[in-house]
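Data first, discussion second: the structure below is written as C-alpha cells.
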There are 4 protein chains.
Amino acid sequence: MGAGMGGQSPRRRADARRNEKALLDAAAEVFVGAGVNAPVRDIATRAGVGTGTIYRHFPTRADLIIAVYRHQVEACAEAGPALLASSDTPYAALAHWIDRFVDFLVTKHGLAAVLRSDDAGFDALHASFLDRLVPVCARLLDAAAAAGEVRSDLEAYELMRAVGNLCIGAEDDPRYDARRLVGLLVAGLRPSP
Amino acid sequence: MGAGMGGQSPRRRADARRNEKALLDAAAEVFVGAGVNAPVRDIATRAGVGTGTIYRHFPTRADLIIAVYRHQVEACAEAGPALLASSDTPYAALAHWIDRFVDFLVTKHGLAAVLRSDDAGFDALHASFLDRLVPVCARLLDAAAAAGEVRSDLEAYELMRAVGNLCIGAEDDPRYDARRLVGLLVAGLRPSP
Amino acid sequence: MGAGMGGQSPRRRADARRNEKALLDAAAEVFVGAGVNAPVRDIATRAGVGTGTIYRHFPTRADLIIAVYRHQVEACAEAGPALLASSDTPYAALAHWIDRFVDFLVTKHGLAAVLRSDDAGFDALHASFLDRLVPVCARLLDAAAAAGEVRSDLEAYELMRAVGNLCIGAEDDPRYDARRLVGLLVAGLRPSP
Amino acid sequence: MGAGMGGQSPRRRADARRNEKALLDAAAEVFVGAGVNAPVRDIATRAGVGTGTIYRHFPTRADLIIAVYRHQVEACAEAGPALLASSDTPYAALAHWIDRFVDFLVTKHGLAAVLRSDDAGFDALHASFLDRLVPVCARLLDAAAAAGEVRSDLEAYELMRAVGNLCIGAEDDPRYDARRLVGLLVAGLRPSP
DNA sequence: GATGAATGAGCCTTCATTCAT
DNA sequence: TATGAATGAAGGCTCATTCAT
C-alpha cells in the first residue's frame, strides 16, 4: 500500500488503459447496433465492467462518444491535407474527403443524428467533432473556390452539417443511398454556368 | 325527437372538435419545441386537457402526428400539379415544390427524424406522409427528366428523404440554412455537362 | 315541455325500464365473459348506452351486480321451502338446495370471488345476497339437524361461505368440479358415526 | 489478488441479500393486506427501497410471489412423507398434512386466488406451487385410498384446489373458520357406508 | 334522462446516475 | 479503482367517475 503511491501509477495506468480500451470497443459495437443513445448498462455488460466504471472513465455520454470516435475523426482530419496534395484538383480532393467523411458517418448508427442534437449535454461533442473537421473542410473548400471550381458563398460548417444530415438513417433504409445524395449535393456546389 | 332538437346527432362533436383542435395546436407547438416524441403529458398540459383525452382522440402517437400535419401534407400534395401547370419549366416546378416541402418541414422539429424511423408503430405515419407525397414528387421529377432538365436516375423517394434529412435541425441553428442547401442539392440534379 | 311534467312519468318509466333491462342483460353477458369487475365501458357499449346511464341506474358496481342477479337470488331463496316440502328428508332438501346454489354461482364468472371480497364497496352486495339466502339455508340446516341427519354445530352463514368459496374459479378449470367438491363438503356434514 | 482480499467474490451479496430479505418480508406483509396483486410501489415503500430494486431482484410479479412463499411451500412439501411415516394411519397423515397446508394458506390473502389465475404470466407460479405440492398430496391421498380410508375417485389437484378455495378470505371474517370447513371436506372424503 | 367526452389518479416499467462496499 | 445495487424521476397507458351538453 504505502509502497504504491509513487511507482504504482504506471501499473494502474496500464490496468485502466486496458479497461478503457475494452469500454471503447464495447461502446463502438453497441453504438452500431443500438445507436449512440444505447443504455449505459448494455455497454457496461458487453465490456464486462460495471456501470460505475463507465462513469469513472467517461462522466458524460458525450465524453464516451467523443472517445469512441476520436481516432476516426483524427484520421479523417489528417486525410484532408493529404488529399489536397495528392489530388488532381482541389475539387477532386474536396469530393474525396467528403466521401471519406460519409464513410465514417454512415456506419455509425445514430451518430449523425446526435451530432446535430441541440441537447445541451452534447455541446462538447459538437465542439470536438466540428472544431476538428470544419477547418479541414474549410481549407479544401477554399482551395476549390480559389480555383473557381465551386461557388464561394458556402461555409464549411454548413456543408458539413448538410453532409451529416444526409447521412442520418442511411444505414437502415436500402432505398436511400446517402453517399450518392451527398454526391449530388457536392455536384451542386459547382458554379452555375 | 323526444328532445326536440331535430337531426343534430353530431352535437357533442362541437365540444370534442374544439378540444381536438386545441390538442392539435398544442401538439404542434410541443412538437416544435421537443420533437414529435415529446411526452404525452406535456401535450396534454399545454392543451389544458387530461392525458386520457389525447388517447381518446389519438390512440397512438402516429395518429396524433398524422393528424397534426394532415392539412399541411395535403396542401403540399395538391401544390404539385398546380406548380407543374403554372411554371415555365418542369424543373422550375420541381424546385418550387421542393421549396414548399422545405417550408413545411423546417419548422417541424423532429418530424423529419420520425419520418424515417423504422419503428413498427410508425407504419401508418410513413404511409400517410410518404404515400401521399412521393407520387407527387415523382410526377414532377419525371416531367423534368423527360424534358432533359435533370438526370433520370433518381427516385422520388430518395430525393424526398434527402430533402427531409437536410431539414433536420434547421430551425435551431442560425448558421445552417436548410433551404439553401436543398437548393444546392436540387442544383446537383442537373445533368452533368 | 310544459305538457310533460305530469303525464310523462309513466312514459319515462317505460323508457327507463327498457333501458335498465338492456343494461342488466348486457352486464350479465359481460360478467360471464370478463367477471363482475369488467370495465364499465364494456358493459355500456354492449348495452348500447353511455357510461353515464349506468351510473344513473346503478350508482355503484355493487348495485349493478345486485340487480343483475336479483331474480336468480330470489328464485333460489324461494326454492328452499319448496324443496323442504317436497323432499323425502330435510337432508335431501338441503343437498338439493345447495346444489341449486352452486348452479347459480358456477356460471357467474367472478361472482363467488366478489361475494367474499372485503372491499367496503361491496357491503351492500354481501348484505343483499347473504341476508336473503342465509335464513333460507339456516332453515334447511336446522331441519336436517333436528332430524339428526347432520351435525348441529355449523352455522348456515359459514356453510354458504364455504360453498361460495368452493365455486370460485370453477368455470375456467376443467380439472376442477365445484359441484362435486361441494357434494363432498355436504357429505362431511353428516354426523360422525 | 490485486486488492488483496482473497476469494471474497460474493461480497456485495451481503448487502443485496439483506435487501432481498427486506423485500420478501415487505411483500409478504403487503400481500396479506392487499393481495398478491398489490402495487409494486406499495411493496417498495414498505421495504424502504425504490421500485427499481424490486425489478432487479424479481423481474416479474410471479418471481416475487414464488420467492415470498418458497420456503413455506418447500416445508409443506417435505412434511408430507414425514407425516405419512409418523401417523397412525394414512388418513390421519392426509388430514394433518391438509391442515398444515391450511396453516400456510390462511394468512396469505389473495394467494389462493392467484394460484388459480389463468393469466399467462403466472405459469411459473403455478408450476412452482402446484407441481411441488400436488404430488405430495397425491401420495397421501393414494395411501389413504389404498387403505380403504377414503374414496378413490378424487384427484389430488382437485382436492388442493378445493382446500385452497376454502381458505380464501378466511383471515378477515371471524364468522368463517376455514380450518373447520376443510375438516368437513376431508371428512366427506370418507367412503360412504 | 341520456350521452360520451374529459379528467386524472394509479399502475407498470425503464434507465441514467449515485454511492456504499 | 471497480462494482453493481439502489434510487427515483419519467413516461406510457387504462379506466372509474364526473359533468357539460
Side-chain angles (χ1 to χ4, degrees), chain A residues 8 12-13 15-16 19 23 37-42 44-45 47-57 59-61 121, chain B residues 2-3 5 8-9 11-20 22-23 37-42 44-45 47-57 59-61, chain C residues 4 8 11-13 15-16 19-20 23 37-42 44-45 47-57 59-61 121, chain D residues 2-3 5 8-9 11-20 23 37-42 44-45 47-57 59-61:
Chain A
Q8 285 185 349
R12 293 273 178 184
R13 209 57 77 102
D15 224 49
N19 222 319
L23 260 174
N37 285 309
V40 170
R41 197 161 337 191
D42 291 357
T45 299
V49 304
T51 53
T53 303
I54 293 191
Y55 283 93
R56 168 176 296 276
H57 287 278
T60 74
R61 183 174 292 269
Chain B
M5 299 298 279
Q8 297 191 350
S9 70
R11 193 162 23 144
R12 185 60 33 63
R13 257 35 188 275
D15 213 50
R17 205 171 298 169
R18 201 169 314 138
N19 223 317
E20 186 165 318
L23 259 174
N37 284 310
V40 170
R41 269 188 189 69
D42 291 357
T45 298
V49 305
T51 56
T53 302
I54 293 190
Y55 285 98
R56 165 181 292 275
H57 286 280
T60 73
R61 184 175 292 271
Chain C
Q8 285 184 351
R11 220 198 187 160
R12 293 274 177 182
R13 209 56 78 99
D15 224 48
N19 223 319
E20 188 165 314
L23 259 174
N37 286 308
V40 170
R41 199 161 335 192
D42 291 357
T45 298
V49 305
T51 54
T53 304
I54 294 190
Y55 283 93
R56 168 177 296 276
H57 286 279
T60 74
R61 183 175 292 267
Chain D
M5 299 297 279
Q8 296 190 352
S9 70
R11 199 168 13 150
R12 185 60 33 64
R13 257 34 188 280
D15 214 51
R17 205 171 299 170
R18 202 169 312 136
N19 223 316
E20 185 165 319
L23 259 174
N37 284 311
V40 170
R41 265 196 194 65
D42 290 358
T45 299
V49 305
T51 55
T53 303
I54 294 192
Y55 285 96
R56 166 181 291 274
H57 287 279
T60 74
R61 183 175 292 271

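So that the names make sense, note that chain A is the first sequence line, chain B the second, and so on, each numbered from 1. Everything numeric in this text was worked out from a predicted model, so none of it was measured.
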Of A:V49 and C:T60, whose nearest nucleotide on DNA chain F comes first from the 5' end?
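Between the two, 5'-proximity favours A:V49.
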Please figure out whether B:H57 or C:N19 has its closest DNA chain E nucleotide nearer the 5' end.
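Checking each residue's closest nucleotide, the 5'-ward one belongs to C:N19.
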Position toward the 5' end of DNA chain E (nearest nucleotide), C:G48 or B:G48
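Going by which nucleotide is closer to the 5' end, it is C:G48.
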Measuring from C:R56:CZ to C:T51:OG1, what's the distance to the nearest 0.5 Å?
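Rounded to the nearest 0.5 Å, the CZ-OG1 separation comes out at 12.0 Å.
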Between CD1 on residue C:I54 and CD on residue C:E20, distance to nearest 0.5 Å:
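Between atom CD1 of C:I54 and atom CD of C:E20 there are 11.5 Å.
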A:R56 side chain near F:dT1 phosphate (N/O to OP1/OP2, under 4.0 Å)
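So the side-chain polar atoms of A:R56 never come under 4.0 Å of the phosphate oxygens OP1 or OP2 of F:dT1.
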So, OP1 or OP2 of E:dT7: does either fall under 4.0 Å of a side-chain N or O from B:T53?
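Checking B:T53 against E:dT7: at least one side-chain N or O falls below 4.0 Å of OP1 or OP2.
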Measure the distance from [atom1] on [X] to [atom2] on [N] and round it to the nearest whole Å.
X: A:I54; N: F:dG4; atom1: CD1; atom2: C1'; result: 12 Å
X: D:R17; N: F:dG4; atom1: CZ; atom2: C1'; result: 15 Å
X: B:D42; N: F:dA10; atom1: CG; atom2: C1'; result: 10 Å

I'd like to know if the side chain of B:T53 and the backbone of B:V49 have a donor-acceptor N/O pair within less than 3.5 Å.
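Not at all, since once roles are kept as given, no pair shorter than 3.5 Å links the two residues.
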Is the backbone of A:G121 close enough, under 3.5 Å, to the side chain of A:R61 for a donor and an acceptor to pair up by distance?
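No, A:R61 side chain to A:G121 backbone: no donor-acceptor pair under 3.5 Å.
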Base-paired stems in DNA chain E, each at least three Watson-Crick or G-U pairs under 3.5 Å:
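DNA chain E stems, ordered by first number: E:2-21 with F:2-21.
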Using the side chain to side chain donor-acceptor pair (under 3.5 Å) criterion, which residues pair with C:T60? Sequence neighbours excluded.
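Listed in chain order: C:D63.
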Output one line per pair: protein atom, nucleotide atom from nucleotides 12-14 of chain F, and distance, for all N/O pairs under 3.5 Å.
{"unit_1": "F:dG12", "atom_1": "OP1", "unit_2": "B:R61", "atom_2": "NH2", "d": "2.7"}
{"unit_1": "F:dG12", "atom_1": "OP2", "unit_2": "B:V40", "atom_2": "N", "d": "3.0"}
{"unit_1": "F:dG12", "atom_1": "N7", "unit_2": "B:R41", "atom_2": "NH1", "d": "2.9"}
{"unit_1": "F:dG12", "atom_1": "O6", "unit_2": "B:R41", "atom_2": "NH2", "d": "2.7"}
{"unit_1": "F:dC13", "atom_1": "OP2", "unit_2": "B:Y55", "atom_2": "OH", "d": "2.8"}

Sugar-phosphate, base or nothing in reach of A:G121, heavy atoms under 4.0 Å:
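The answer is nothing, as A:G121 stays clear of every strand by at least 4.0 Å.
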